[in-house]
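Report on the structure given below.
Letters A, B, ... are given to chains in the order of the sequence lines, protein chains preceding strands, and every chain is numbered from 1.
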Amino acid sequence: VFSWNVAIRGYSESENPRESLVLYKKMLQYGGSRPDNYTYPFLFKVCAGLVLRCLGHEILGHVLQLGLEVDIYVHNALIHMLVWCGELEAAHKVFDEGRVRDLVSWNSLISGFARSGQARKALELYREMEVGGVKSDEVTMIAMVSTCAQLEDLNLGKEFHQCIEESGLTLTVPLANSLMDMYVKCGNLEAAQRIFDNMEKRTIVSWTTMVMGYAKFGCLDTARKLFDDMPEKDVVPWNAIIGGYVQAKQAKDALALFHEMQASNVKPD
RNA sequence: UCUUACGUCC
């Protein structure tokens with residue numbers, strides 16, 4: 001089982017994750033070793049990534065036969081799979097009826113609703129989690145801050161920001177990026193800039209969020225300055241800055257940048 | 001050997 005799991009994991013992280021499903025079938029055919037609680041999280045993750053809803057349910061059948069649904073890792077991976085296949089109600093049901101539940105279960109479900117635009121549902125679950133006395137972590141906060149961004153609810157966003165500072169959570173890069181994004185979407189560029197300035201490590205996402213923010217509000221010079229300072233660029237910041245010039249009806253600048261982008265080996269999308 | 005989190009357009 002151990003070697004099968006290593007191989008399945010290897011493929012699941014490769015550029016050809018389908019191979020791990022082929023391996024799983026072989027594993028079942030050879031019958032020498034039974035898949036275990038380490039095998040299934042990888043398989044569910046692959047189904048989630050490829051949105052293989054039917055296969056996911058088939059695999060769920062195997063899990064139930066083996067009685068592995070009570071393993072917390074398998075359970076959480078199952079919720080993750082259902083969420084990514086768009087079956088949020090089913091995920092919620094599994095979550096509610098499951099015998100096991102931890103912070104990862106909450107986070108998977110809450111993030112799922114947040115990502116699919118169901119902000120109210122995400123908030124509702126968060127409240128439920130609080131009432132249940134479960135402590136949030138950075139992952140929970142990313143989901144909640146993104147929810148505020150989606151609702152463009154600055155006050156609620158500030159509340160969560162304060163909550164993060166008071167609870168002693170670490171301002172991880174993704175969390176700081178989410179906060180910046182929330183402030184940008186709520187129109188508070190100053191607050192976003194403050195977070196950006198205080199970050200010790202910035203990723204391409206951090207830079208892009210600020211460039212987008214300034215471009216969105218027509219501060220093209222500021223956006224351009226940041227853009228030029230970016231240590232690396234992918235297609236997203238290029239789109240943002242070009243889009244900014246287009247909106248400002250600066251067609252020639254937009255076109256010039258478009259050619260510059262192609263010259264720098266970034267493919268337009 | 002195991003599960004959850006960030007950016008544009010689409």
Side-chain angles (χ1 to χ4, degrees), chain A residues 1-13 20 33 35-49 63 68-69 71-84 91 95 98 100-115 122 129 136-147 149-150 169-185 192 195-196 199 201-216 223 227 230 233-244 246-247 261 266 268-269:
Chain A
V1 210
F2 186 90
S3 1
W4 282 104
N5 287 343
V6 173
I8 288 175
R9 175 189 178 185
Y11 275 120
S12 75
E13 289 168 355
S20 62
S33 34
D36 63 9
N37 51 323
Y38 288 79
T39 318
Y40 287 103
F42 295 127
L43 298 173
F44 281 138
K45 207 176 171 180
V46 171
C47 292
V63 165
L68 289 176
E69 74 280 3
D71 180 272
I72 189 69
Y73 284 88
V74 174
H75 185 251
N76 289 338
L78 168 61
I79 293 173
H80 179 233
M81 184 274 288
L82 293 171
V83 161
W84 278 83
F95 174 87
V100 286
R101 177 183 300 179
D102 67 4
L103 183 56
V104 174
S105 329
W106 281 105
N107 286 343
S108 298
L109 194 61
I110 292 176
S111 308
F113 280 107
R115 238 195 337 265
M129 174 176 140
S136 354
D137 67 358
E138 290 78 6
V139 177
T140 324
M141 284 303 146
I142 289 171
M144 291 330 295
V145 168
S146 312
T147 296
Q150 200 177 112
L169 292 177
T170 309
L171 201 60
T172 58
V173 171
L175 181 52
N177 289 346
S178 300
L179 279 168
M180 282 170 37
D181 180 58
M182 181 274 293
Y183 281 120
V184 163
K185 295 213 163 94
I195 293 170
F196 183 82
M199 290 176 75
K201 274 189 186 130
R202 302 180 184 99
T203 62
I204 187 164
V205 177
S206 327
W207 288 90
T208 303
T209 303
M210 292 310 300
V211 170
M212 257 176 30
Y214 284 116
K216 180 176 166 188
F227 179 80
M230 285 182 75
K233 309 173 178 77
D234 62 13
V235 66
V236 182
W238 280 104
N239 284 346
I241 192 84
I242 292 173
V246 169
Q247 280 201 337
M261 172 174 84
V266 174
D269 63 357

Inset, instruction - Report yes if a side-chain nitrogen or oxygen of Lys45(A) is closer than 4.0 Å to either non-bridging phosphate oxygen (OP1 or OP2) of rU4(B); otherwise report no. - result: yes

Inset, instruction - Taking only the side-chain nitrogens and oxygens of Lys185(A), find out if one of them lies under 4.0 Å from OP1 or OP2 of rU8(B). - result: yes

Legend entry - Trp84(A), CH2: over 12 other non-hydrogen atoms inside 6.0 angstrom: no

Legend entry - CZ (Phe196(A)) with more than 12 external heavy atoms under 6.0 Å: yes

Tell me whether the side-chain N or O atoms of [X] pair up with the base of [N] as donor and acceptor below 3.5 Å, since no angle test is needed here.
X: Tyr38(A); N: rC2(B); value: no
X: Asp234(A); N: rG7(B); value: yes
X: Thr208(A); N: rG7(B); value: yes

Could you tell me how far apart [X] ([atom1]) and [N] ([atom2]) are, to the nearest whole angstrom?
X: Phe44(A); N: rU3(B); atom1: CZ; atom2: C1'; result: 11 Å
X: Trp207(A); N: rU8(B); atom1: CH2; atom2: P; result: 19 Å
X: Met129(A); N: rU4(B); atom1: CE; atom2: P; result: 17 Å
X: Leu171(A); N: rC6(B); atom1: CG; atom2: P; result: 16 Å
X: Ile242(A); N: rC10(B); atom1: CD1; atom2: P; result: 16 Å
X: Leu109(A); N: rA5(B); atom1: CG; atom2: C1'; result: 14 Å
X: Met261(A); N: rU8(B); atom1: CE; atom2: P; result: 17 Å
X: Ile204(A); N: rG7(B); atom1: CD1; atom2: C1'; result: 9 Å

Heavy atoms from C-beta onward define the side chain here; which of [options] lies closest to that of [X]?
X: His80(A); options: rA5(B), rC2(B), rG7(B); result: rA5(B)
X: Arg115(A); options: rC6(B), rU1(B), rG7(B); result: rC6(B)
X: Ala77(A); options: rC2(B), rG7(B), rU3(B); result: rU3(B)
X: Val104(A); options: rC6(B), rU4(B), rC2(B); result: rU4(B)
X: Asp71(A); options: rA5(B), rC2(B), rU8(B); result: rC2(B)

Legend entry - Check: Asp181(A) side chain, Asn177(A) main-chain N or O, donor-acceptor pair, under 3.5 Å: no

Legend entry - Spatial distance of atom CE (Met129(A)) from atom CG (Asn107(A)) [nearest 0.5 Å]: 6.0 Å

Legend entry - Validation row, ring centre Trp207(A) to ring centre Phe227(A) under 6.0 Å: no

